[in-house]
Amino acid sequence: MVLKQKTVKIVRVQSKEQAAVHVLNVLKEEQASGRLHTVGLATGSTMFPIYESWLQSDLSFEEVTAFNLDEYIGLEKDHPQSYAYFMQDQLFHAKPFKETYIPNGAAEDIEAECARYEQLLREHPTDIQFLGVGENGHIAFNEPGTPFDSVTHVADLTPSTIEVNSRFFDDIEEVPTTAMTMGIASILRARKIILLAFGERKRFAIEKLLEGTITTDYPITALLQHNDVTIITDINM
Ligand code: GLP
């Protein structure tokens, strides 16, 4: 299949703080033009400085609905390593939103929960989707090999993702092996996508994107099909 490739915009920053300033300016512009109704939010350490800057800013999200990308399966929302807990701890406790949605990884019927979440997403078209990236090029929990037409689904985490993410757990055995995640098609429906990548750990994934070959081997390359993607990075290419 020949896929049409679009150009991504690269914003090179000297620091995470500079990246946060850039993000804040984009949000302010979008809000000023009345176009910011729904944001897609990410978890992971990449987002720490971004959410910190939102907390310190006078930006109001009281009219904004937020959807998170993913959640581990099997962790209750008060589990310290759940993404629900992360969002509460990093942002929601001090920055009120109109509504916030996170997949329920502890749902009894996880397939029904995937369908429910995807339906909610369709009812709230995303204006800006924030993304981090995994070292293997995954976006949300869309691991290598995930079809680009995927919607919200259950994903098996790769051994390398489990290993990388184990740094947040006491023991690698405690890292869930599955997660519920927006699919690649769900993510690509956003009007605008901003991906953040800091540090050498992310060089491989960003290089794959910049090589320009669209392949399910590197989910990040799906972004080359979207017409409004900005990569904010401190990596020198
Ligand atoms: C997890 C999340 C991704 C995130 C990635 C990178 O796997 N599911 O959404 O982008 O981690 O995490 P970090 O920002 O900590 O490097």
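Below, all heavy atoms of this structure are taken into account, side chains as well, without hydrogens, waters or symmetry copies. For the single chain, residues carry numbers from 1 onward in sequence order. Read the numbers this way: they start at 1 and go in the same order the structure lists the ligands and their atoms.
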(request) Identify the protein heavy atom lying closest to atom 7 (O) of ligand 1, giving its residue, its atom name and the separation to 0.1 Å. (result) His138 NE2, 2.8 Å
(request) Determine whether any heavy atom of Phe198 lies closer than 4.0 Å to an atom of ligand 1. (result) no
(message) My understanding is that only one of Lys192, Arg191, His37 makes a side chain to side chain donor-acceptor pair (under 3.5 Å) with Glu30; could you say which?
(response) Arg191
(message) Determine whether Thr216 and Thr146 satisfy the following criterion, side chain to side chain contact (heavy atoms under 4.5 Å, CB included), listing intermediate values before the conclusion.
(response) CA-CA 6 Å; Thr216 54; Thr146 308; over 6 Å; no
(request) Select one of side chain, backbone, both or neither to describe which atoms of Tyr72 lie under 4.0 Å from any atom of ligand 1, heavy atoms only. (result) neither
(message) Using modelled atom types and a 3.5 Å cut-off, is there a donor and acceptor pairing between side-chain atoms of Gln129 and backbone atoms of Ile187?
(response) no
(request) Have a look at ligand 1 and work out which part of Ala42, if any, has a heavy atom under 4.0 Å from it: side chain, backbone, both or neither. (result) neither
(message) Would Thr43 count as being in polar contact with ligand 1, using the rule that some N or O on each side must be under 3.5 angstrom apart?
(response) no
(request) List the atom of Phe169, the atom of Pro176, and the distance in Å for their closest heavy-atom pair. (result) CZ-CD, 3.7 Å
(message) Return the closest protein heavy atom for atom 14 (O) of ligand 1 as residue, atom name and distance.
(response) Thr46 OG1, 2.5 Å
(request) Say whether, by atom type as modelled, one donor and one acceptor occur between the side chain of Ser82 and the main chain of Asp78 under 3.5 angstrom. (result) no
(request) Using a strict 4.0 Å cut-off to heavy atoms of Asp70, name the atoms of ligand 1 that fall inside it. (result) 2 (C), 8 (N), 9 (O)
(message) Taking Lys9's backbone N and O only, do any of them form a donor-acceptor pair with Thr230's side chain (distance below 3.5 Å, no angle check)?
(response) no
(request) Number the atoms of ligand 1 from 1 as they appear, then name those within less than 4.0 Å of a heavy atom of Phe141, with their elements. (result) 7 (O), 8 (N)
(request) Report the nearest protein non-hydrogen atom to atom 3 (C) of ligand 1: residue, atom name, distance rounded to 0.1 Å. (result) Ala140 O, 3.6 Å
(request) Establish, yes or no, whether a centroid distance under 6.0 Å links the rings of Phe86 and Phe48. (result) yes
(message) Between Glu71 and Ile102 (side chain of the first, backbone of the second, donor and acceptor by atom type, cut-off under 3.5 Å), is there such a pair?
(response) no
(message) Once you restrict to heavy atoms under 4.0 Å, what part of Glu135 touches ligand 1? Side chain, backbone, both or neither.
(response) neither
(request) Indicate yes or no: does an N/O atom of Val133 lie under 3.5 Å from an N/O atom of ligand 1? (result) yes
(message) Taking the side chain as everything from C-beta on, heavy atoms only, tell me whether Arg201 gets closer than 4.5 Å to Val164.
(response) yes
(message) Give me the nearest non-hydrogen protein atom to atom 1 (C) of ligand 1 as residue plus atom name, then the distance to 0.1 Å.
(response) Tyr83 OH, 3.4 Å
(request) For atom 16 (O) of ligand 1, find the nearest protein heavy atom and state the residue, atom name and distance (0.1 Å precision). (result) Lys202 NZ, 2.7 Å
(request) Please work out whether any backbone atom (N, CA, C, O) or any side-chain heavy atom from C-beta onward of Met47 is under 4.0 Å from ligand 1, and answer side chain, backbone, both or neither. (result) neither
(message) Within ligand 1, which atoms have a heavy atom of Gly132 less than 4.0 Å away?
(response) 10 (O)
(request) Using a 4.0 Å heavy-atom cut-off, say whether Glu71 meets ligand 1 through its side chain, its backbone, both or neither. (result) neither
(request) Check whether any N or O atom of Thr161, backbone or side chain, sits under 3.5 Å from an N or O atom of ligand 1, and answer yes or no. (result) no
(message) With a 3.5 Å distance limit and no angle check, can you tell me whether Arg122 reaches the backbone of Gln119 through a side-chain donor-acceptor pair?
(response) no
(request) Tell me, please: is Met182 in heavy-atom contact with ligand 1, that is, under 4.0 Å? (result) no
(message) Under the side chain to side chain contact (heavy atoms under 4.5 Å, CB included) test against Leu195, which residue among Ile232, Ile220, Thr233 passes?
(response) Ile220
(request) Using atom types as modelled and distance alone, determine if a side-chain donor or acceptor of Asp234 lies under 3.5 Å from a backbone N or O of Gly199. (result) yes
(request) Could you pull out, from Gly44, Gly199, Ala155, Gly134, the option with a heavy atom nearest to atom 12 (O) of ligand 1? (result) Gly44
